[in-house]
2 protein chains.
Amino acid sequence: MSNRVTIVDVAAKAGVAISSVSSALNNRPGVSEDTRRRIVAAAKELGFVPSLRGRSLSAKRAFTVGLVVHRDPYVLESDPFFGSFIGGIETVLDPRGYALILQMGSEPVETLDRYRTLAANRRVDGVFISDLGVDDPRIPLVLELGLPAVGVNADPGFPLTAVRQSHVEGIRELVEHLVGLGHTRFAHVTGPHEFIHAAQRLRAWSDALEAAGLPVGEIVEGDFTYDGGVAAANGLLAGRAIGDRPTAVMCSNDLSAIGFLGRAGELGLRIPDDLSVAGFDGIDLGTYVRPTLTTVATNPRLLGVEAARLLLETIETIDGMAVADVDIEPARLVVRTSTGPAPHPR
Amino acid sequence: MSNRVTIVDVAAKAGVAISSVSSALNNRPGVSEDTRRRIVAAAKELGFVPSLRGRSLSAKRAFTVGLVVHRDPYVLESDPFFGSFIGGIETVLDPRGYALILQMGSEPVETLDRYRTLAANRRVDGVFISDLGVDDPRIPLVLELGLPAVGVNADPGFPLTAVRQSHVEGIRELVEHLVGLGHTRFAHVTGPHEFIHAAQRLRAWSDALEAAGLPVGEIVEGDFTYDGGVAAANGLLAGRAIGDRPTAVMCSNDLSAIGFLGRAGELGLRIPDDLSVAGFDGIDLGTYVRPTLTTVATNPRLLGVEAARLLLETIETIDGMAVADVDIEPARLVVRTSTGPAPHPR
DNA sequence: TACCTTTACCGAAACGTTTCGGTAGCATTT
DNA sequence: AAATGCTACCGAAACGTTTCGGTAAAGGTA
């Protein structure tokens, strides 16, 4: 509609050169306090907002960062991680004049192409890499593209900047909690094996049990979905005598734990009297189901905040990519009513 | 890193002017088939990708559209709508070279500011307006800003282009289903009254009952959350004799219906024997809970696809904003096991 | 007074496209 | 043979910033 007010208009109004306007508004030296005030006044009066397009071209920056979600639609739908994670990212980006581009790729290949396109036309200045997989192809890709990136909950040895929330303390606390309740027969329902966090959680669980001198027990592969929890419950519980069943089960995330819980109830098990069940994540839904879900609560929002901070720092670090990793406070055990004393063997 | 290959490099390699390269690559007339081929070859060989930044500045377009989510974090977390909606948007945007900027504002005021900033520095070429409220302030805002926009599930009379999925057929089917099962005492748990879709659903429910010649029954305000469903169940069911209770309840969304279901179970009611419960949305979780949830299933993904199509069309329509609305196929009743024959009065 | 340094400001180039007006060259018409 | 029209191509301007080199004026030193 009405033509935009540009830096030229401001310069004309203030009676100075456009370079002076630029210097004044960006707080660069070389302009007297007096004219600076005059320029600022003119800019304000005209309602001048610097054009991102002009700035982008000149600064060779997009002032935009990207997040490519690489999950199949259903998991994304019911996963509360991203809402909070993105919310956290936003709080950092917005005040610094950056925005977030969100893309979704259902297929891993598709996801890679998204990164490639994003980088090719320089749409973003950097990317987040979440839901890391084992031998994740995105890592060599961003290295090859020279695209600034930060990883979320990466393994040690990760070649890029990373933000992490440790899971080991919380899972150790969970094991200690269960051991303290007298449990001796355990089981673990994992997430899809291609995700490293599924492996990380299993590992912490096994280590803690081993440290307690107890057998690790059964391990069945789940898929992070409600349905996967149901399936796991069928496998671990259906048609088994009490002495043949685990008495304490950890599922790799809350959603599958809730599925497990539901199915266990249908199978006639009383929870936590006959069986203790715990999850991992700390989603709100876990406080609503009955029994309420014991879990290890993570903080995706804070993870988003720190990831964004790191990414901007990486982008604005001219030289190498020597930005230090950040560890936020570990995830912690939250005891609710889905765990209780081990049943008396009869 | 390595300096980018630009249109100048391609022109040099092909031995033509840069304007010819531009014409050739954008399939504009005025360049012979022969040189066009030569240019395309040179571009391919050099791996030329036009810079979005240069294009943006020249074309006065950002090739980006925005979605500002204006919900409180918890609702977003558990709401499956956005995952699918965004997924649908993506499938249209990507092939046309557009990207989606996602912003989140928890406070309505904050949300408005986001739109304002987005428009001020021309970061986006258009926006989606979802979760419309009554007298939504975003409508006058985008009109004032001259920002192309499309509304999602807007009321009739909406002054901008809109995409809609009708809810009335599905809700009518639900009422007919319940009436056919012999129910006569109904109740409705609404969503927050500031959202128009909450009002739209209540209206369709009331109209259908009225058309069936039955009393509308009790109406309690919920908030679209699991917790809100629990609270509604307490209000409608706790401490009431059977003859004093509704026998069929519709909740304005699935999540609250699932909360309602859970609380009703705790209160000792058998579902669907003592009480029928239905929701609205068609989220996957509804197929996992027991009993499985009867609902009216919407199609957020398709809504996203059509919304994106419309928005791009609006943006690319030079003149007025004469882009026709789109109605996708209505939401439909999905009968599961949370609804059944009305209990025999005793 | 003559010289040097600093400061405040300006003009122009650069970023990478698209678009518009212009100009040769050629074929067609009269 | 002159006038006309069309095609293929080129050069330059425009988009809106930031940055860099330059210059005049002011101030400091010998």
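Side-chain atoms are counted along with the backbone in the values below, which use heavy atoms only and exclude waters and symmetry mates. Each chain gets a letter, A, B and so on, in the order the sequences are listed, and its residues count up from 1.
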task = Hey, could you give me each pair passing ring-ring contact (aromatic ring centres under 6.0 Å, His included) that has a residue in residues 25-69 of chain B? Not counting sequence neighbours.
result = B:F63-B:Y98
All salt bridge (charged side-chain N to carboxylate O under 4.0 Å, His left out) counterparts of B:D9, not counting sequence neighbours = none
request  = Tell me, please, which residues at least two apart from B:R138 pass salt bridge (charged side-chain N to carboxylate O under 4.0 Å, His left out).
outcome  = B:D136
ask   = What pairs of residues pass the ring-ring contact (aromatic ring centres under 6.0 Å, His included) test when at least one of them lies in residues 111-158 of chain B, not counting sequence neighbours?
value = none
message = Using five base pairs at each end to define the local axes, how bent is the helix from C:dT1-D:dA30 to C:dT30-D:dA1, to the nearest 10°?
response = 60°
request  = List for me each residue that meets side chain to side chain donor-acceptor pair (under 3.5 Å) alongside A:R37, sequence neighbours excluded, and say none if there are none.
outcome  = none
Set of residues satisfying salt bridge (charged side-chain N to carboxylate O under 4.0 Å, His left out) with respect to A:R96, sequence neighbours excluded = A:E316
Under 4.0 Å protein heavy-atom contacts per nucleotide of nucleotides 4-20 of chain D, with B for base, S for backbone only and - for none = ----BBBB---BBBBB-
task = Kindly write out the residues that satisfy salt bridge (charged side-chain N to carboxylate O under 4.0 Å, His left out) with A:D125, not counting sequence neighbours, or none if the list is empty.
result = none
